[in-house]
Amino acid sequence: MRSSSNPAFRNLPQGQGYATFNRAEGTGTAFADAQGAPVDPGRAGVAERPITIDDVVAKTAIAAGTAIVTGTLTVVSGLYGLALPAFIVGFVVSLVLIFKPHLAKAPLVLLYSAAMGVALGGISGLLDNVYPGIALQAIVGTAGVFIGMLVVYKTGAVRVTPRFTKWLLGAMVGVIVLLLFNLVMSLFGINTGLRDGGPVAIIFSLLIIGVAAFSLLLDFDQADKAIRGGAPATLAWYIAFGLMTTLVWLYIEILNLLSYLRN
């Protein structure tokens with residue numbers, strides 16, 4: 001099975017618990033029901049129905065809608081101070097879901113979405129006071145990238161191949177290394193130019209947005225394989241969570257880029 005750049009999808013169990021996303025490649029991974037009893041490879045149990053595209057769309061829409069509502073309420077109320085604790089809650093929940101995928105049900109996934117909505121709402125509200133309209137622009141930009149990459153995936157303009165996956169994972173590692181390098185240098189008062197709003201920062205931000213955007217292709221590919229592989233419908237919440245993590249990352253970076261351009 002091809003790995004995803006999204007840690008949520010990449011850490012799906014490779015033994016019992018979730019199906020292979022690509023049975024054609026012969027990985028042979030099997031599903032298990034809630035009690036852990038093995039079932040046919042790549043298929044939902046007898047008491048379960050297979051996942052459909054409607055399941056994925058509905059669960060992702062609910063998760064995204066929850067984030068938008070809580071974010072909007074945070075901006076309207078002016079409770080920007082909730083951003084940091086909400087981000088911590090969202091980060092902890094994301095770690096739980098990444099390492100314990102079987103817990104990815106509506107309560108935790110929606111808690112993650114609500115927490116990140118508050119966090120992003122707080123950050124957006126603060127920036128919107130400095131740069132009016134920037135939050136709406138970031139939302140529109142994120143939605144535009146999502147729709148654009150979905151079209152790219154469905155038309156096959158860019159195919160998700162093992163080579164493409166390795167290239168994207170390498171790019172992501174490079175971005176993380178640069179971000180860590182910038183963080184360490186900033187602790188010593190050294191400006192690397194990666195986050196100061198200058199030309200280099202703008203180019204670096206565009207690079208990150210590109211990596212995040214192409215990561216959506218891998219997320220779509222994982223979801224597509226789950227549907228074609230007959231995964232149980234309960235997996236839709238986990239797929240929605242994986243897509244949300246990428247969208248949150250994408251939104252934050254678009255917000256960063258817009259603030260650089262406004263400045």
Side-chain angles (χ1 to χ4, degrees), residues 3-11 67 71 74-75 80-99 112 115-135 137-139 141-142 145-146 149 164-219 242 244-263:
S3 61
S4 170
S5 63
N6 189 319
F9 292 129
R10 193 167 62 247
N11 285 283
T74 303
V75 173
Y80 306 147
L82 295 177
L84 181 57
F87 180 81
I88 293 175
V89 171
F91 179 71
V92 172
V93 173
S94 68
L95 291 179
V96 171
L97 294 178
I98 287 172
F99 292 105
Y112 167 80
M116 295 310 295
V118 173
L120 297 182
I123 296 172
S124 301
L126 289 173
L127 284 175
D128 207 65
N129 288 334
V130 180
Y131 310 110
I134 192 173
Q137 292 174 349
I139 292 174
T142 302
V145 172
F146 180 85
M149 297 313 292
F164 171 83
T165 302
K166 291 179 181 178
W167 172 85
L168 190 57
L169 291 176
M172 180 172 289
V173 170
V175 166
I176 293 175
V177 169
L178 287 174
L179 287 173
L180 291 175
F181 172 74
N182 179 73
L183 176 62
V184 172
M185 291 297 100
S186 65
L187 295 177
F188 293 97
I190 301 175
N191 179 22
T192 62
L194 295 178
R195 288 302 198 190
D196 64 357
V200 174
I202 292 176
I203 294 174
F204 184 59
S205 187
L206 286 170
L207 172 64
I208 296 178
I209 290 173
V211 172
F214 280 106
S215 293
L216 285 172
L217 295 182
L218 298 188
D219 296 344
M244 280 299 298
T245 59
T246 304
L247 288 173
V248 167
W249 178 32
L250 184 61
Y251 176 82
I252 291 175
E253 201 53 48
I254 289 179
L255 203 58
N256 268 335
L257 177 61
L258 291 174
S259 68
Y260 296 158
L261 297 176
R262 290 286 196 94
N263 197 37

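The first residue in the sequence is number 1, and the count goes up from there. Note that the coordinates shown come from a computational prediction; the quantities given were computed from them, not determined experimentally. The figures here come from the full heavy-atom set of this structure, side chains too, leaving out hydrogens, waters and symmetry mates.
- A distance of 9.5 Å separates CG in Leu258 from CG in Leu127, rounded to the nearest 0.5 Å.
- A donor-acceptor pair under 3.5 Å is absent between the side-chain atoms of Arg195 and the main chain of Leu183, judged by distance alone.
- Contact annotation: the side chain of Leu217 never approaches that of Leu168 to less than 4.5 Å [non-hydrogen atoms, C-beta and beyond].
- The two residues Leu126 and Tyr80 make their nearest non-hydrogen contact at CD2-CD1, 3.4 Å.
- Residues Trp249 and Ser215 come closest through the heavy atom pair CZ3-OG, 4.0 Å.
- Within 6.0 Å of CZ in Phe87 there are 12 or fewer heavy atoms belonging to other residues, nucleotides or ligands.
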Would you be so kind as to tabulate the donor-acceptor pairs closer than 3.5 Å made by side chains of residues 174-182, with sequence neighbours excluded?
unit_1, atom_1, unit_2, atom_2, d
Asn182, OD1, Thr192, OG1, 2.4

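- In this structure, the side chains of Phe146 and Thr246 stay at 4.5 Å or more apart for every pair of heavy atoms.
- Within the structure, the side-chain hydrogen bond (donor to acceptor under 3.5 Å, both in side chains) test picks out the following pairs touching residues 196-206 (sequence neighbours left out): Asn191-Asp196, Ser205-Glu253.
- Residue pairs that meet the side-chain hydrogen bond (donor to acceptor under 3.5 Å, both in side chains) test with at least one member in residues 116-134, sequence neighbours left out, are Ser124-Tyr251.
- Put simply, the residue from Val96, Val89, Val248 that forms a side chain to side chain contact (heavy atoms under 4.5 Å, CB included) with Tyr112 is Val248.
- Here the closest heavy-atom approach between residue Ala83 and residue Gly122 is recorded as CB-CA, 4.0 Å.
- In this structure, the separation between CE on Met116 and CD1 on Ile123 is 7.5 Å, given to the nearest 0.5 Å.
- The nearest pair of heavy atoms linking Leu255 to Ala135 is CD1-CA, 4.4 Å.
- We find the OH-CD1 distance between Tyr260 and Ile202 to be 9.0 Å, quoted to the nearest 0.5 Å.
- Counting only heavy atoms from C-beta outward, the side chains of Leu207 and Ile203 never approach each other to under 4.5 Å.
- Expressed to the nearest 0.5 Å, how far CD1 of Ile254 lies from CG of Leu247 amounts to 9.5 Å.
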Please step through side-chain contact (heavy atoms from CB on, under 4.5 Å) for the pair Ile208 and Asn256, ending with a clear verdict.
CA-CA 10 Å; Ile208 296 178; Asn256 268 335; over 6 Å; no
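- The distance from atom CD1 of Ile209 to atom CZ of Phe204, rounded to the nearest 0.5 Å, is 11.0 Å.
- Nearest heavy-atom pair, Gly81 versus Pro85, reported as atom, atom and distance to 0.1 Å: O-CD, 3.4 Å.
- Pairing each heavy atom of Ala212 with each of Leu250, the nearest pair is CB-CD1, 3.9 Å.
- Asp219 contributes atom CG, which lies 6.5 Å from atom OG1 of Thr245 (distance to the nearest 0.5 angstrom).
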